[in-house]
Amino acid sequence: MLPLELIRKDPDRVRRAAELKGEPAPIEEILALDMEWRRHVHEAETIKAEQNRLSKEFAKSRDSDLKDNLREMADRSKAELGEADAVKRQLDDLLLRVPNLFDESVPVGKGEEDNVVLRDWGSKVQLGFAARTHFDLGEALGIMDFERAARVAGSRFAFLLGQGARLERALAQFMLDVHTREHGYTEVLPPLLVNSASMTGTANLPKFGADAFRVEGHDLWLIPTSEVPLTNFHREEILDADRLPLKYTAYTPCFRSEAGAAGKDTRGFIRLHQFSKVEMVKVTAAETSMEEFEKLTADAEDILQRLGLHYQVMVMCTGDMGFAQYKKYDLNAWCPGLGRYLEVSSCSVFNDFQAMRANIRYRPARGAPPRFVHTINGSGLALTRTIDAIIETYQRADGTITVPEVLRPYMGGLEIIGARPAS
RNA sequence: GGAGAGGUGGCCGAGUCCGGUUGAAGGCGACGGUCUCGAAAACCGUUAUGGGUCACUGGCCCAUCGAGAGUUCAAAUCUCUCCCUCUCCGCCA
């Protein structure tokens, strides 16, 4: 969330950012409620101060007139405080619905069409034959099964089998190894269910509850991304500055209801209720967040490059970057079978927007007052779609798939998926 | 799941029965100072967070002892609900 102080001092800036993001922001209501809240708080505290003073006097005098007077004061201060709390609750709820500001470098735009490709790496693979889709190849090879998944769970689920399942395991190992050994991240195996406070901390609540799965009868949600447990790991903490930046990575399944995505990407291993992802999360000091954001993006790109996948880096425009993000890059990998790029990573910097919600602070120097940390996260990478890009990029004319060299050690030396045994 | 014990400041730990100058003793740690060539020891001092307000590089006030509600003039202390931790039993991977 944004500091109330900022909305008081510079409401126009907040209004403009919300407008360009295409998000409604209840600034007028907030300002009105803020005034009302402060009026009640001031009144309540004034009465309470006097009541506290006289109460000490009563402890000595036991004067019955004074007691009557105090009882009346207690009623009044309680009533005022009740009013103040009620208004504050409304105010806080509205504050959680105000979108984040965005960085100067973010292009202004309305939607997808206004995103800007910053750079690309590699080039579209020349196969020399008609490219097939990953789901076509995957089903033919018996490494993907959508039909049985529909029977066992429902639409938007998939089975990976045999060398396909192994491919995902290999990718996860490979990514985690690179991030932990070379990029300096700490590997985490987090809870896959989190409470509402955590979901609010990362801004998945209150606005986006419909996108996640909730466990019936419990205050628990299936994580839509491990960003939620990783970022909330330090919720309600004050960290020492010399510990920053903290860097975490986790391989987990992610669960999304995909409400509102009806009819979109229904074919293939693209938009599922459950998919897995290696996530990277950084907790940084305010001064270094933009730099660390670029580095985190580079860490994700490093994986794509080692896998030999052609991709582009796209900076999301104001209208497409999301409610909570301060700046966001999407990494899109080329899939020749689909004939389009698939988003395999989304890297975002939030500044203190999540930190304020999750109340994660750090002490810049000894004795200095605490400040909110900045949080950053990005996929490094989404496993499912990376598998799609690999299958489509490394497909061979006979429908088998070459295993990218960096993955072979993780696949027991296997070079080709689907090859018939030599015997 | 059953029975019991407990959750207090950066940490340890009093206080809770018998409610009141206790935002909280004492210890440890950390920081500043005295001493010393320097260090250690000793001694002195400092050491929570959020918020409101004002004649604002400071003062005054309010809140916070797991969370929430209640009783009371007054709650860390009494009552209720919830959450969490520990021990034992049961059950399991």
Side-chain angles (χ1 to χ4, degrees), chain A residues 1-9 30-96 189-201 205 214-221 228-229 232-244 246 252-253 283 286 352-373:
Chain A
M1 61 199 244
L2 296 174
L4 185 51
E5 210 185 333
L6 172 70
I7 299 175
R8 278 177 199 157
K9 279 188 183 155
I30 286 173
L31 290 172
L33 286 172
D34 177 42
M35 294 247 297
E36 196 184 339
W37 170 63
R38 283 196 282 180
R39 206 181 66 232
H40 285 300
V41 164
H42 185 68
E43 183 63 20
E45 289 188 354
T46 305
I47 300 169
K48 195 81 202 308
E50 181 68 359
Q51 186 194 336
N52 285 346
R53 198 179 63 76
L54 291 176
S55 190
K56 278 174 193 159
E57 217 168 88
F58 172 79
K60 290 178 201 145
S61 71
R62 303 279 164 179
D63 180 87
S64 68
D65 285 348
L66 185 53
K67 183 169 176 173
D68 292 344
N69 194 10
L70 277 167
R71 184 173 293 143
E72 186 265 338
M73 287 178 84
D75 288 345
R76 276 198 296 141
S77 66
K78 235 175 246 177
E80 280 296 332
L81 208 62
E83 287 288 321
D85 283 349
V87 174
K88 188 65 161 66
R89 262 194 294 277
Q90 284 180 55
L91 182 57
D92 285 341
D93 183 65
L94 289 181
L95 277 174
L96 289 174
L189 187 69
L192 303 182
L193 282 81
V194 297
N195 58 30
S196 295
S198 295
M199 288 286 278
T200 305
L205 288 178
R214 185 170 189 175
V215 180
E216 200 178 339
H218 298 268
D219 179 29
L220 288 171
W221 301 76
V228 181
N232 280 283
F233 183 65
H234 290 293
R235 184 146 55 81
E236 308 291 340
E237 289 184 25
I238 299 175
L239 303 159
D240 288 331
D242 55 18
R243 291 181 65 192
L244 304 178
L246 291 159
T252 70
V283 176
D352 57 4
F353 191 79
Q354 290 183 324
M356 282 194 70
R357 294 169 159 253
N359 197 22
I360 308 168
R361 293 170 290 173
Y362 72 106
R363 215 175 280 287
R366 188 164 291 288
R371 286 183 71 180
F372 288 105
V373 298

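From a predicted model like this one, the values you see are computed outputs, not experimental measurements. Residue numbers begin at 1 in each chain, while the letters A, B, ... track the order of the sequences.
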Can you tell which of B:U53, B:A63, B:U49 lies closest to the side chain of A:N52?
B:A63
State which of B:U53, B:C73, B:G50 makes the closest approach to the side chain of A:R361.
B:G50
Measure across A:G201 and A:R357 and return the closest heavy-atom pair with its distance rounded to 0.1 Å.
O-CB, 3.6 Å
Quick check for you: among B:A48, B:G52, B:A74, whose closest atom lies nearest to any side-chain atom of A:R38?
B:G52
Could you work out which one of B:C61, B:G20, B:G52 sits closest to the side chain of A:A49?
B:C61
Picking from B:G51, B:A74, B:U49, the nucleotide nearest the side-chain atoms of A:E45 would be B:G51
Taking everything shown except A:F233 itself, do over 12 heavy atoms lie less than 6.0 Å from its CZ?
no
Any donor-acceptor pair under 3.5 Å between the side chain of A:S55 and the base of B:G20?
yes
B:G20 base / A:R62 side chain donor-acceptor hit below 3.5 Å:
yes
What distance, rounded to whole Å, do you find between the two C1' atoms, one in B:A40 and one in B:G66?
41 Å
Rounded to whole Å, the CG-C1' distance (A:D242 to B:G10) equals 14 Å
Sticking with atom C1', work out how far B:G6 lies from B:C12, rounded to a whole angstrom.
16 Å
Nearest nucleotide by nearest heavy atom, which residue falls closer to the 5' end of RNA chain B, A:K48 or A:L4?
A:L4
Among the nucleotides B:U49, B:C73, B:G52, which one has an atom lying closest to any side-chain atom of A:W37?
B:G52
Checking all strands, does A:R8 fall into the base, sugar-phosphate, or nothing category for heavy-atom contacts under 4.0 angstrom?
sugar-phosphate
What do the steps show when you test A:D92 against A:R89 for side-chain contact (heavy atoms from CB on, under 4.5 Å), and what is the final call?
CA-CA 5 Å; A:D92 285 341; A:R89 262 194 294 277; 5.8 Å; no
With nearest nucleotide decided by heavy atoms, which residue, A:P370 or A:E50, maps closer to the 5′ end of RNA chain B?
A:P370
Donor-acceptor pair, side chain of A:D240 and main chain of A:D242, under 3.5 angstrom
no
Please report the distance, rounded to the nearest Å, between NZ in A:K88 and C1' in B:G51.
9 Å
